[in-house]
Amino acid sequence: VVVTERPAQHGQPAEPCVIIHFAGRDFVTRESMADLFLRSAGRVVVDGASQSVPLLHEEGVDLLFITPSASVRVTRAPDGA
């Protein structure tokens, strides 16, 4: 089961989810968490470095090893999947 939105809390609208595709794995996460991850990963790549970058997703937290040659793809989670 893929969650495509997080429940609204305290009158806030639900936050859409995206899927981060990395190293043959798919991580479902909120858009805001994906943005934080992508900014951190981008800084690593711009610096020409290699580093583990944390990603908070629906199943927990993973450290993804980012290198300048790493391939990260983000897609919108399908509605009702």
Side-chain angles (χ1 to χ4, degrees):
V1 175
V2 175
V3 178
T4 58
E5 290 187 350
R6 294 286 173 223
Q9 294 181 1
H10 307 291
Q12 297 175 345
E15 183 176 359
C17 289
V18 296
I19 303 170
I20 293 184
H21 309 275
F22 178 80
R25 294 184 61 195
D26 297 333
F27 302 92
V28 178
T29 188
R30 293 180 295 153
E31 279 186 347
S32 59
M33 292 295 107
D35 288 342
L36 289 170
F37 169 77
L38 292 171
R39 278 189 271 149
S40 296
R43 282 192 297 272
V44 171
V45 170
V46 167
D47 291 344
S50 298
Q51 182 177 327
S52 294
V53 177
L55 172 63
L56 177 63
H57 55 91
E58 71 174 6
E59 294 181 15
V61 177
D62 275 272
L63 292 174
L64 305 185
F65 191 67
I66 301 299
T67 66
S69 63
S71 175
V72 178
R73 189 169 55 95
V74 179
T75 58
R76 175 138 334 263
D79 291 335

Handout entry: Closest non-hydrogen atom pair between Pro68 and Ala49, with its separation
Key = CD-O, 3.0 Å
Practice task
Calculate, to the nearest 0.5 Å, the distance between atoms CD and CG belonging to Gln51 and Leu64 respectively.
Solution key: 12.0 Å
Problem - Heavy-atom side-chain contact between Val53 and Leu63 under 4.5 Å - result: no
Practice task
Give, for atom NE2 of His57 and atom CG of Asp26, the distance between the pair rounded to the nearest 0.5 Å.
Solution key: 11.0 Å
Handout entry: Sequence neighbours excluded - side chain to side chain donor-acceptor pair (under 3.5 Å) pairs with any residue from residues 36-49
Key = Ser40-Arg43
Exercise for the section: Using side chain to side chain contact (heavy atoms under 4.5 Å, CB included) as the criterion, point out the one residue from Leu55, Val18, Ile19, Leu56 that pairs with Phe27. Expected result: Leu55
Exercise for the section: Please examine the side chains of Ile66 and Phe37, heavy atoms only from C-beta on, and report whether any two atoms are closer than 4.5 Å. Expected result: yes
Handout entry: Cluster check Met33, Val61: I/L/V/M/F/W/Y, side chain < 4.5 angstrom
Key = yes
Completion exercise
Those residues at least two apart in sequence (or on a different chain) that pass ring pair (Phe, Tyr, Trp, His ring centres under 6.0 Å) with Phe22 are none
Exercise for the section: For Glu58 and Thr29, test the side chains for any donor-to-acceptor distance below 3.5 angstrom and give the result as yes or no. Expected result: no
Practice task
I would like to know whether Leu38 and Val72 meet side chain to side chain contact (heavy atoms under 4.5 Å, CB included); could you show each step before the answer?
Solution key: CA-CA 9 Å; Leu38 292 171; Val72 178; 4.0 Å; yes
Handout entry: Residues Glu31 and Arg76 bridged, charged N to O under 4.0 Å
Key = yes
Practice task
Report yes or no: do Val45 and Ile20 belong to one cluster of Ile/Leu/Val/Met/Phe/Trp/Tyr joined by side chain heavy-atom distances under 4.5 Å?
Solution key: yes
Handout entry: Carboxylate-amine/guanidinium proximity below 4.0 Å for Arg25 and Asp62
Key = yes
